[in-house]
Each structure stands twice: as C-alpha cells, then as structure tokens.
Protein chains: 2
Amino acid sequence: MQKPRSEPPLSRERIVATAVELLDAQGVDGLTMRRLADRLGSGVMSLYWHVDNKEDVFDLALDSVLEYGGPPQLVEPRDWRGEVVHMLEDWRASMLRHPWSASLLPRRALGANILSRLELLSKTLSRAGVADADLNVAIWSLWNYVMGATISRANFDLSDDGRADTQQRLTGLSERYPTIERSRLLLDNDWDGAFRKGLGFLLDGLSPRQ
Amino acid sequence: MQKPRSEPPLSRERIVATAVELLDAQGVDGLTMRRLADRLGSGVMSLYWHVDNKEDVFDLALDSVLEYGGPPQLVEPRDWRGEVVHMLEDWRASMLRHPWSASLLPRRALGANILSRLELLSKTLSRAGVADADLNVAIWSLWNYVMGATISRANFDLSDDGRADTQQRLTGLSERYPTIERSRLLLDNDWDGAFRKGLGFLLDGLSPRQ
DNA sequence: AGTCGCATGGTACGTCGTACGAGTCAATCG
DNA sequence: CGATTGACTCGTACGACGTACCATGCGACT
C-alpha cells in the first residue's frame, strides 16, 4: 500500500510555480500559506523547509515572472531603439499577464531578473551613444515610465469591474473635471497604443542630440 | 465625576488623520484597526460607524495625502512648463513624505485629489498647445513617469536600511552586472536631480513641435 | 543496528478584520 | 412628562491568518 502517488515531491520551484498560479487566480490577498499547501497537496509547515516565509514567496513569485528571453533575431543588432522598445514592451506584457505583480513590485527589492533587464538597458543605451552623464537619468526615466504605465494599467484592470462602473462614476463627476471628461482620458481604451506612443516621445527626448 | 475629557469625539477626519500618523510611523503593515482605535482612545468597533472597513481607511488616508494647493503666485501664468513641473514635483514630494502611499497607490481607485491633479494637468497641457490627438498620451506619460519615479524611490528608501546593505549586495553582483556597476546606477543618490532631468527630457519629447 | 541529514506535517499561539447585538445619551414627539 | 427614536460607542466572539515548536519518517552511511 503506497501513497496515491499523486504529488511529486515539494521543491522551491514547484512552490513558486504554484504560488504564481494561485496569484493569477485569486490575486494578492488570495495567496495564503494554507491555500498554497492545499494546492500542493502538502502540509502547511512543509513549505517552510523550502521557503523562509510568506514574503519570500512573494519575492520569488515576482522575480519568476519577470524573466526576459532577449530580443528576437529579427531585430537588426544596430537598432538600439528597437531593442529597447522590445524589451520594455515585453516587460510590460509580462507584468500585465500577472496583474498582481504590479501591486507587489513597489514593496519588493530588486530581484535578479530585474537587474538583468536594467543591465541590458544600460548596455544598449550606452552603445547607442547616450552620454555617460545622461545614462543613469535615461535608464531611470525609461524604467519609471514602464513601471508607472504598467501599474496604472493593471490598477485599472482591477478596479474597473466591467467598465460600466467607471462610466457611471465619471458622468457623475464630469462637471467637476471637464477637461478629463472632454478628452475621455479615463475611457480611452487604447492602452497599448498610448504606451508605445509615449515611449516614443520619451525616447525622442532622450536620444543623443545630433 | 466626568470622563478625563481627554479625547474629542470620533469623526471620519480624526480617524483618517490618525491613520496617516500611524502609517507614517509604522508603515503599511503597522496599521491595524486595533492600533488605530488605541491611538484614538476608542473601542475598535466604534471605528466601523464612521468607516466601512479597513480598505476604506486606506483609500481615505491615501487621498488625504495627495491634496494639491496649486502653483505659487510667482509662476508666470503663461509658463506652462513651470506649472507642470511644479505640480508634478509637489506630487512626488507629497508621496515621498509618506512612503507608504507609493505602495498603496497601485491597488486603489482614483480618489478625488488624484482626479483634480489629472484635470489640472490636462488643462495646462491643453492650453499649452499640445495637439488633442496627443493629449491623452502626454498626460499618461507624465503621470506614469511620476508614479514610476516615486514608487522606485520610495521602494529604495524602504529596502535600503542604511545603504551598506545595497553596497554589499552590489559588489557581490558586480561581475554579473558590469554596466550597472560601472555607472553606479544603484548607488547614485541624486534622486531629485535625476527626477527633474528626466522630466525635462520627457517634456522635450512631448513639446509641441515647431 | 545505530546514527544522521533531509524532509514532512500536526498542534498551538498570538494577531488580525469584523459580524452581532447590547449599551449610552440627547433630541423629538405624544 | 414618559416613550420613542436615532446617532453613536464598544465588549464579545468567530474564523482565518502566519508561523514557532516539536515529533515523525526515511534513505544513506558507519
């Protein structure tokens, strides 16, 4: 008589993967150690052999979601703008696939995958001829832009339940915020286009002057 | 024999103000309904008469910290760039005075004070001659930049306890992230300067073309 | 056979958010 | 004047949480 052979043994990787599943399904508040253990078919305290504490799980889950595969071969290696845009759009897409990551990131330290992306960004801009004095500013500006855009967007996804809500809240406020209303700022759904266009403007500003 | 006359009556305002104090002192996880009630000299459940639940407290505290007094009289009314910069720097400063706000913002809906700032931004850019088609993109780009910059900065404040930590972690990683190391990206402390400079680049990119 | 590491998980403690309902007190009404 | 009402306060209690502590099982090595 052996165990139902249902579950492979616990491991850090399996825990993290399952945590990501749970976060995707239930959001930040939906992840509890008990639920996580349930899904893994293990006892709660067994997790603590592989993981320091719940914060650790958050850190690992977040970093695991931010891996970058690198630019596609299609891109000309000299096309620094294309490389930067590709990496940043991939970054944003990764986070939007897991909206909880946006609300988690502000409280967590920089994981390995974030540092890799920053390193790549740094190298690319440097090769593109951005002056050393401007390099850090450029990197932070791009990073900030992506972070802000992603967080705003993810936030809207969460707080809108089906748009009708916002629609209503806004018409109630339209006389107090006329310009917002007129420009339909909060109803414009073309997030991807806006992201790309704004990124373009930012890169325009950052480009080495001729 | 009367009560020690120590505490004024409960009110929504007093609750929010005390919540902000507590958040300032103890951070996001330091705010509990019990501690809040203690500080107010009241019973825990009394809070629930004035406030829906803990989430509500977070929302109110956040919005209360983001009020904007408007630009100083010194600024030429035609100086749209100055106005925008002033408002955005004030925004950033307000949030950095209360670092918990940065980690709270990503999960909350837009409060009245945030909408006011967006409205002001919108109006100013519109008057400055930004094309209608670019207006939303411009607003979001600026908002995103400020959000990202502030969140990153607040996060560093929290996670660095005294810098020595980061210093050490980084020297361990210097061979893996050479460009970051070389540019001293994570050790450069001139956050304010970087913010202003990056904002300048962004505004350059957004400025109406001549 | 005995020992030792890795790995698992049951029990229990302290803390949390908050539902429920009983209590106080001033203003209002018959 | 007593009765009623509404605004407000709060003690108790419940279920869920993170995790400290400790007992147990298991394969490898002596």
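Atoms considered below: every heavy atom in the structure, side chains included; atoms not considered: hydrogens, waters and symmetry mates. All chains are named by letter (A, B, ...) in the order of the sequence lines, taking the proteins before the strands, and each is independently numbered beginning at 1. In this text the structure is predicted, and so the values were computed from the model without any measurement.
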Student: Quick one: B:Leu31 CG to C:dT15 P, roughly how many Å, whole number?
Tutor: 17 Å
Student: Output the rounded distance in Å from CD (B:Glu55) to C1' (C:dT18).
Tutor: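 Going from CD in B:Glu55 over to C1' in C:dT18 covers 13 Å.
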Student: Output yes when A:Arg176 and A:Glu181 qualify as a salt bridge under the 4.0 Å nitrogen-oxygen rule, no when they do not.
Tutor: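 Result for this pair is no, no salt bridge flagged.
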Student: Centre of B:Phe195's six-membered ring, under 6.0 Å away, within 45 degrees of the axis: is that where NZ or CZ of B:Arg92 sits?
Tutor: yes
Student: Quick one: A:Lys54 NZ to D:dG18 C1', roughly how many Å, whole number?
Tutor: 8 Å
Student: For the side chain of A:Asn136 and the backbone of B:Ala194, is there at least one donor-acceptor N/O pair under 3.5 Å apart?
Tutor: no
Student: Which is more 5' along DNA chain C, the nucleotide nearest A:Arg34 or the one nearest A:Val44? Just name the residue.
Tutor: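 Nearest nucleotide further toward 5': that of A:Val44.
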Student: OP1 or OP2 of C:dT8 sitting under 4.0 Å from any side-chain N/O of A:Ser46?
Tutor: no
Student: Ignoring backbone atoms, establish whether A:Ser42 has a side-chain N or O less than 4.0 Å from OP1 or OP2 of C:dT8.
Tutor: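 Answer is no, no contact under 4.0 Å.
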Student: To the side chain of B:Tyr48, which of D:dT19, C:dA7, C:dG17 is closest?
Tutor: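 Closest of the options to the side chain of B:Tyr48: C:dG17.
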Student: Measuring to OP1 and OP2 of D:dT9, would you say a side-chain N or O of B:His50 lies under 4.0 angstrom away?
Tutor: yes
Student: Please state how far atom CZ in A:Arg35 lies from atom P in D:dT19, giving the value in whole angstrom units.
Tutor: 16 Å
Student: Flag the pair B:Asp29 and A:Arg107 as a salt bridge only when some basic side-chain nitrogen lies within less than 4.0 angstrom of an acidic carboxylate oxygen.
Tutor: yes
Student: Over how many whole Å does the gap from A:Leu47 atom CG to D:dC21 atom C1' extend?
Tutor: 17 Å
Student: State plainly whether the residues B:Arg108 and B:Asp63 are in salt-bridge range, i.e. N to O under 4.0 Å.
Tutor: no
Student: The side chain of A:Trp49 is closest to which nucleotide in this list: C:dT8, C:dG9, C:dT18?
Tutor: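 Shortest atom-to-atom distance from the side chain points to C:dT8.
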Student: Rounded to the nearest Å, what distance is computed from the CZ atom of residue B:Arg14 to the P atom of nucleotide D:dC8?
Tutor: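 Distance, rounded to whole Å: 14 Å.
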Student: Figure out the CD1/C1' separation between B:Ile15 and D:dT9, and round it to whole Å.
Tutor: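 Between C1' of D:dT9 and CD1 of B:Ile15: 12 Å.
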Student: Which nucleotide, C:dC16, C:dA7, D:dT19, lies nearest any side-chain atom of A:Met45?
Tutor: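 It is D:dT19.
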Student: Expressed in angstrom and rounded to an integer, what is the separation of A:Arg12 atom CZ from C:dC6 atom C1'?
Tutor: 16 Å
